Participant: 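Below is one structure. I have some questions about it.
Heavy-atom basis, side chains included; hydrogens, waters and symmetry copies ignored. Position 1 is the first residue of the sequence, and the numbers go up from there. This is a predicted model, so every value here is computed, not measured.
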Amino acid sequence: MMIQQQFKSPLSIPTISTPSSHNNKTHPFSIKCNNNNNLSSTQLSASNEENVKTHPANLMKSSTTSDPYPGGMGPYTGRDPNVKKPSWLKQKAPQGEKYQEVKDSLSRLKLVTVCEEAQCPNIGECWNGGGDGIATATIMLLGDTCTRGCRFCAVKTSRNPAPPDPMEPQNTAEAIVSWGVDYIVLTSVDRDDLPDGGSGHFAETVRAMKKSKPEIMVECLTSDFRGDLEAVSMLANSGLDVFAHNVETVKRLQRIVRDPRAGYEQSLSVLKHAKHSKEGMITKTSIMLGLGETDDELKEAMADLRAIDVDILTLGQYLQPTPLHLTVKEYVTPEKFNFWKEYGESIGFRYVASGPLVRSSYRAGELFVQTMVKERTKAASK
């Protein structure tokens with residue numbers, strides 16, 4: 001079935017109220033992050049004016065009129081136990097026969113999933129099969145320990161994680177093929193300790209899967225490989241179908257949200273190079289909302305992504321995994337997420353998955369992506 005891409009004129013932004021806070025005082029558990037300790041000397045400006053401009057407290061300032069979230073803002077962490085999440089964020093505890101089957105299978109095969117490591121709120125839906133009964137999971141390669149310390153992420157970190165398992169590519173391929181799924185998402189922690197950032201290990205896993213089951217569709221959600229474009233090319237030409245890399249947040253908030261070794265321009269470079277490395281490559285990225293970004297900043301980020309021809313965008317609510325992580329600044333309403341979906345598709349994204357609980361590897365977009373891949377494969381064979 002052909003999918004017709006419709007281009008609409010950009011919409012005006014609706015005024016939507018957000019949940020107000022009970023009070024504005026900082027909770028006793030609040031801890032201030034000493035962000036300058038995480039920045040290199042080259043990243044700190046020599047002038048007082050620039051220092052004021054880039055101070056973490058100012059980086060998190062927003063022109064939005066939403067009420068501040070108790071427990072500390074921006075560089076402040078901690079949470080107020082008296083503040084309840086909005087009703088639209090409430091999820092049932094994961095349970096069910098299929099969920100347990102997937103959990104047991106992953107444990108038996110010694111596969112690590114980002115679903116568990118990153119405390120994804122959709123784990124119950126995905127592992128139970130959602131509405132179509134097909135259970136899905138996002139497999140995490142290269143171990144469960146990251147070399148970076150992004151301030152939104154719950155994955156454990158270390159400067160010297162365990163070396164990669166040389167048998168992991170083959171074992172992972174065999175396990176996934178045995179599931180009988182048609183679409184799989186592979187991701188990994190950042191591995192700055194490896195010469196190629198883990199790109200070769202990633203590529204070897206993709207090739208092993210394609211060899212065992214040529215028709216399987218593989219999406220790789222990758223790190224930035226420290227901006228190494230040769231590593232990007234290696235993975236893009238390994239046989240994968242979708243190259244995904246997340247910019248995570250708008251340009252202004254990069255330094256406060258992500259590890260200093262990551263960056264907005266570096267992420268755009270990775271996505272652009274992946275698109276150019278292989279004809280017909282589908283590219284995808286994700287942005288978290290609720291960290292203090294403004295509407296204009298999000299529009300700017302979306303325009304930057306379309307300028308490098310990113311095909312798919314996912315937008316979801318940032319949820320603080322522990323009191324030691326960045327505090328939520330705003331709970332974005334479902335209505336506003338719906339607006340951003342319409343706006344994104346009106347400026348040229350082939351598909352936008354947008355909702356409070358949407359994540360970068362959210363299963364809701366898989367059917368659409370599968371159709372895109374089949375269309376492009378068919379067109380290329382003519």
Participant: Honestly curious: do Ile308 and Leu315 fall in one hydrophobic cluster under the side-chain, below-4.5 Å linking rule?
Facilitator: yes
Participant: What's the verdict on side chain to side chain contact (heavy atoms under 4.5 Å, CB included) for Tyr351 and Asp311, showing C-alpha distance, side-chain angles and the deciding distance?
Facilitator: CA-CA 7 Å; Tyr351 180 75; Asp311 299 287; over 6 Å; no
Participant: Quick one: does Leu289's side chain get under 4.5 Å of Leu298's, heavy atoms only?
Facilitator: yes
Participant: Tell me which pairs pass salt bridge (Lys or Arg N to Asp or Glu O under 4.0 Å) where either residue lies in residues 239-249, with sequence neighbours left out.
Facilitator: Lys210-Asp241
Participant: Measuring from atom SG of Cys150 to atom CZ of Arg258, what distance do you get when rounded to the nearest 0.5 angstrom?
Facilitator: 6.5 Å
Participant: Glu230: which residues meet the side chain to side chain donor-acceptor pair (under 3.5 Å) condition with it, sequence neighbours left out?
Facilitator: none
Participant: For Ala208, check side chain to side chain contact (heavy atoms under 4.5 Å, CB included) against everything at least two apart and list the hits.
Facilitator: Gln170, Ala173
Participant: Looking at Asp295 and Lys336, is there a salt bridge between them, counting it only when a charged N and a carboxylate O are closer than 4.0 Å?
Facilitator: yes
Participant: State whether the side chain of Gln320 and the backbone N or O of His325 hold a donor-acceptor pair below 3.5 Å, judged by distance alone.
Facilitator: yes
Participant: To the closest 0.5 Å, what do you measure between CG (Leu357) and CH2 (Trp88)?
Facilitator: 11.0 Å
Participant: Give a yes or no on whether Met281 and Leu186 share a hydrophobic cluster (residues Ile, Leu, Val, Met, Phe, Trp, Tyr; joining criterion: side-chain heavy atoms under 4.5 Å apart).
Facilitator: yes
Participant: If you apply the rule side chain to side chain contact (heavy atoms under 4.5 Å, CB included), what do you find for Val189 with Val155, and how did you get there?
Facilitator: CA-CA 8 Å; Val189 291; Val155 174; 3.9 Å; yes
Participant: Which one of Leu313, Val270, Ile287 satisfies the side chain to side chain contact (heavy atoms under 4.5 Å, CB included) criterion with Val247?
Facilitator: Ile287
Participant: Under the rule for salt bridge (charged side-chain N to carboxylate O under 4.0 Å, His left out), what residues qualify as partners of Asp259, not counting sequence neighbours?
Facilitator: Arg261
Participant: Can you see which heavy atom on Lys284 is nearest to which on Leu271, and at what distance?
Facilitator: O-CD2, 3.6 Å
Participant: Roughly how far, to the nearest 0.5 Å, is CE of Met209 from CD1 of Ile184?
Facilitator: 5.5 Å
Participant: Looking at residues at least two apart in the chain, or sitting in another chain, which of them share a salt bridge (charged side-chain N to carboxylate O under 4.0 Å, His left out) with Asp193?
Facilitator: Arg191
Participant: One pair to check against side chain to side chain contact (heavy atoms under 4.5 Å, CB included): Cys220 and Val206. What are the steps and the verdict?
Facilitator: CA-CA 9 Å; Cys220 290; Val206 175; 3.6 Å; yes
Participant: Does NZ or CZ of Arg306 fall inside the cone over Phe349's six-membered ring, less than 6.0 Å from its centre and within 45° of the axis?
Facilitator: yes
Participant: Kindly indicate whether the side chain of Leu291, heavy atoms from C-beta on, has any atom under 4.5 Å from the side chain of Glu330.
Facilitator: no
Participant: Does any N or O in the side chain of Asp190 come within less than 3.5 Å of the main-chain N or O of Asp192, such that one atom is a donor and the other an acceptor?
Facilitator: no
Participant: Has the side chain of Ser354 got a donor or acceptor atom that lies under 3.5 Å from a matching backbone atom of Phe337?
Facilitator: yes
Participant: Check for a donor-acceptor pair, side chain of Glu297 on one end and backbone N or O of Thr294 on the other, with a separation under 3.5 Å.
Facilitator: yes
Participant: Extract all donor-acceptor atom pairs below 3.5 Å that involve side chains of residues 159-168 and protein atoms in other chains or at least two apart in sequence.
Facilitator:
unit_1	atom_1	unit_2	atom_2	d
Asp165	OD1	Met167	N	2.9
Glu168	OE1	Leu142	N	3.0
Glu168	OE1	His201	NE2	2.6

Participant: Can you tell me how far apart CD1 (Ile216) and CD1 (Ile176) are? Round to the nearest 0.5 Å.
Facilitator: 6.5 Å
Participant: Are Gln317 and Tyr331 linked by a side-chain donor-acceptor pair shorter than 3.5 Å?
Facilitator: no
Participant: Within the structure provided, determine whether Arg207 and Glu204 are in side-chain contact (heavy-atom separation under 4.5 Å).
Facilitator: yes
Participant: My understanding is that only residues two or more places apart in sequence, or in another chain, count here; which of them pass side chain to side chain donor-acceptor pair (under 3.5 Å) with Ser269?
Facilitator: none
Participant: Ignoring hydrogens, what is the shortest heavy-atom contact between Thr314 and Ser286? Give both atom names and the distance.
Facilitator: OG1-OG, 2.8 Å
Participant: Run the ring-centre check on Tyr343 versus Trp340 and record whether the distance is less than 6.0 Å.
Facilitator: yes
Participant: Does Pro260 offer a backbone N or O that forms a donor-acceptor pair with the side chain of Arg255 under 3.5 Å?
Facilitator: no
Participant: If you take all heavy atoms of Thr283 and Val310, which pair is closest and at what distance?
Facilitator: OG1-CA, 3.3 Å
Participant: Who pairs with Gln266 by side chain to side chain donor-acceptor pair (under 3.5 Å), at least two apart in sequence or on another chain?
Facilitator: Asp224
Participant: I need the minimum non-hydrogen distance between Asp196 and Arg226, along with the two atoms involved.
Facilitator: N-NH2, 4.5 Å
Participant: For the side chain of Ser188 and the backbone of Leu141, is there at least one donor-acceptor N/O pair under 3.5 Å apart?
Facilitator: no
Participant: For Glu300, give me all partners under side chain to side chain contact (heavy atoms under 4.5 Å, CB included), at least two apart in sequence or on another chain.
Facilitator: Asp304
Participant: For the side chain of Lys341 and the backbone of Val352, is there at least one donor-acceptor N/O pair under 3.5 Å apart?
Facilitator: yes
Participant: For Phe152 and Thr249, run side chain to side chain contact (heavy atoms under 4.5 Å, CB included): C-alpha distance rounded to whole Å, both residues' side-chain angles, the deciding distance at 0.1 Å, then the answer.
Facilitator: CA-CA 11 Å; Phe152 64 88; Thr249 187; over 6 Å; no
Participant: Using every non-hydrogen atom in the two residues, find where Phe202 and Leu235 come nearest and quote the distance to one decimal.
Facilitator: CB-CD1, 3.8 Å
Participant: With rounding to the nearest 0.5 angstrom, report the CG to SG distance, Leu326 to Cys153.
Facilitator: 11.5 Å
Participant: Mind checking whether Ile347 and Leu305 sit in one hydrophobic cluster, side chains of I, L, V, M, F, W, Y counted as touching below 4.5 Å?
Facilitator: yes
Participant: Applying salt bridge (charged side-chain N to carboxylate O under 4.0 Å, His left out), name anything that partners Lys272, two or more places apart in sequence or on another chain.
Facilitator: none
Participant: Which residues pass the side chain to side chain donor-acceptor pair (under 3.5 Å) test with Ser158, not counting sequence neighbours?
Facilitator: none
Participant: Looking at every heavy atom in both Val328 and Leu319, which two are closest together, and how far apart are they?
Facilitator: CG2-CA, 4.3 Å
Participant: How would you list, by chain and number, every residue that makes a salt bridge (charged side-chain N to carboxylate O under 4.0 Å, His left out) with Glu265, sequence neighbours excluded?
Facilitator: Lys251
Participant: With rounding to the nearest 0.5 Å, note down the distance linking NZ in Lys156 to SG in Cys146.
Facilitator: 12.0 Å
Participant: Compute whether any side-chain donor of one residue and acceptor of the other, for His245 and Thr285, lie under 3.5 angstrom apart.
Facilitator: no
